[in-house]
K.L.:
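Submitted below is the structure of interest, expressed as structure tokens.
Only heavy atoms go into these numbers, but all of them, side chains included; no hydrogens, no water, no symmetry mates.
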Amino acid sequence: MARRGMIGDVAIVGAAVLIAAGVLVAVATPSNKVEAFAHSLTGGDDPPAVPLPGPPPTSAPSSPVPGTAAQSQITVQTDATGRVVGMLPQTPLPSTAGSSPASAGQSHLAEIAQVWRVDPASLRLTDIRPVPFGTILRYQQTIGGRPVFGGQIVQALGKDGSLVSAVGKTTSARSGDFPVDPSQTLRAAGQKAVSATADAKKLKATDLSVQSTEQYWWDPTLGGVPGTAAAKPVYVVHIRGTRADQQWSMVVGANRTDVVQSWSETREAVNRDVCDARRRFVSGSLASVRCGAAFPLVRTENGGSSAGDVGTVFKFFGDAQNFYARFTGLDLTSLIGADYGDGTGKAIRGTVRICMVGERCPFLNAFWDGEQMAFGEGVTTEDITGHELTHGVTQHTSGLQGGLADALNEGMSDVFGKFIGITTGDPNDSAANRWLIGAGSAIGAIRDMRNPQRFQQPDRVNGPFWVSSNPDPHANDGVVNKAAFLITDGAGFNGQNVRGLGVAKAVQVWFGVENLLTPRATFQDLGNALAVSCRANQDAGVAGITADDCAQVAAAVTATQLDQAPR
């Protein structure tokens, strides 16, 4: 995962960071030569779907239940298609293997697999992460040892190892398989990805290169696309351009080399390192903006300049580190810091006052590049900095990317960027600016979390300005922002009267969501995760969250229509 800017895809067409599209809206047909080569490999349509092995259901398929004596205590949550998306016990289910998270998670796995109707052996533990209410365990679904993109189940465990809830989505069938000898199809996928990206972004194919290619199973319904749930083999091709902020990922069929989906990897940092580009133009590889490598350090924990953007970025990095440590126990430096071998070790790094080839100078944007922060000039506000750093947090937790998940990624960054600004008492995040993103920066306010429609963003799913097909990732995130405003401050909206929980409680609910979502999450998944997170925090007594607080969260979900399937 790489860079995304505050305004949009800052790398592709030179648009300002807040309005350009972050996914490939249209993919042009590649050359006839590439198409002919791809067709000669396999041709034809996808093979018929074959159900995946798994434990037999213990009841009718429309009403899955676990196969233990605890089944009467458990609510199984499904989406509009009937797919299982959650398992919520009335009271936490005790661990039979003690409180060690890995052992406790394993003790719950058979029951979870029964609910989701998957083979327990296909679920691989990939992450264990402490949260204020206990522990989050993330399990990756695999088929034949290869991961299913977005196919994950997340366990929320109490501190005693009991299962508070499980959420996630899995695929239920497969179509076809990977080639026995992938050498030709890997080459064809790379050619297709480069050609299609060049056509869509009006770039020269010779200026693009394939950085890496990964094998995945891809079920589009996991990301909210209507249709039959079945995973097909694909290659996820990661492409770089000639500029530091040009990076995309394209999903290409492993057999027919059809473009399945694509998105920008341009994402909008205690140990802190700050460098000053002094308006020098940067381009090329990630190395061209590296603080401590491409540019000398001008401020570290040992001292240095405190003037201008250097001083403010250094302070904002510290504020973000302190926020996450204080409210969530997360060590931001450890999670997202980078070590470039310059003697300062792993640090939250940022280069300020960069200029980008092909853009106006000074550059009016900021972005997270997958390793560190890069800033234009005068865009260094608390909420923008917090927004960008939260992209790094998301990169290492839920991994949201592509389609509707991209909009959730942007929304989560807005939410935590604003929480950081509010809790540090920044004047740009108080009074009338409390819910404005970017107030006080050189680009001015760019989003209004209290009133998203002010910037032509939707404030509820399927409401005015809602975009359902290949949306700009900054468009639909207005729904996330409105939900955060309602949960925090409260208001009457769309037939619901929501009492706000206040910042301290709201942060805990949203941090739980950050860890519960899966890479291909939809807006309905967000609504479910908000309820599950609130319940888990209530059960653990975190921040004094009560059952009535969770009722308010539920009202906010209803008000923003996060319980509706997008149209």
K.L.:
Given 3.5 Å as the limit, does a donor-acceptor pair link the side chain of Q141 with the main chain of T170, or not?
P.N.:
no
K.L.:
Do T390 and Y324 have side-chain atoms, one donor and one acceptor, less than 3.5 Å apart?
P.N.:
yes
K.L.:
When you measure from the side chain of W217 to the backbone of G151, do you find a donor-acceptor pair of N or O atoms at a distance under 3.5 Å?
P.N.:
no
K.L.:
Indicate the ring-plane relationship of F416 and F511, choosing parallel, tilted or perpendicular according to the 30° and 60° boundaries.
P.N.:
perpendicular
K.L.:
Salt bridge check: are R83 and D219 linked by an N-O gap of less than 4.0 Å?
P.N.:
yes
K.L.:
Check D207 with K201, please: is the shortest side-chain N to carboxylate O separation under 4.0 Å?
P.N.:
no
K.L.:
Examine distances only and state if a side-chain atom of N462 and a backbone atom of A565 form a donor-acceptor pair shorter than 3.5 Å.
P.N.:
yes
K.L.:
Checking side-chain polar atoms at under 3.5 Å, does W368 have a donor or acceptor matched by the opposite partner on Q395?
P.N.:
yes
K.L.:
Is it the case that the side chains of Q152 and R138 hold a donor-acceptor pair, with the cut-off being a distance below 3.5 Å and no angle test?
P.N.:
yes
K.L.:
Pairing donors with acceptors under 3.5 angstrom, does anything connect the side chains of N409 and Q401?
P.N.:
no
K.L.:
Judged by atom type as modelled, is there a donor-acceptor pair below 3.5 Å linking the side chain of S413 to the main-chain atoms of H387?
P.N.:
yes
K.L.:
Is there a donor in the side chain of T75 and an acceptor in the side chain of Q90, or the other way round, less than 3.5 Å apart?
P.N.:
no
K.L.:
Which distance, rounded to the nearest 0.5 Å, do you find between the CG of D79 and the CG of N528?
P.N.:
9.5 Å
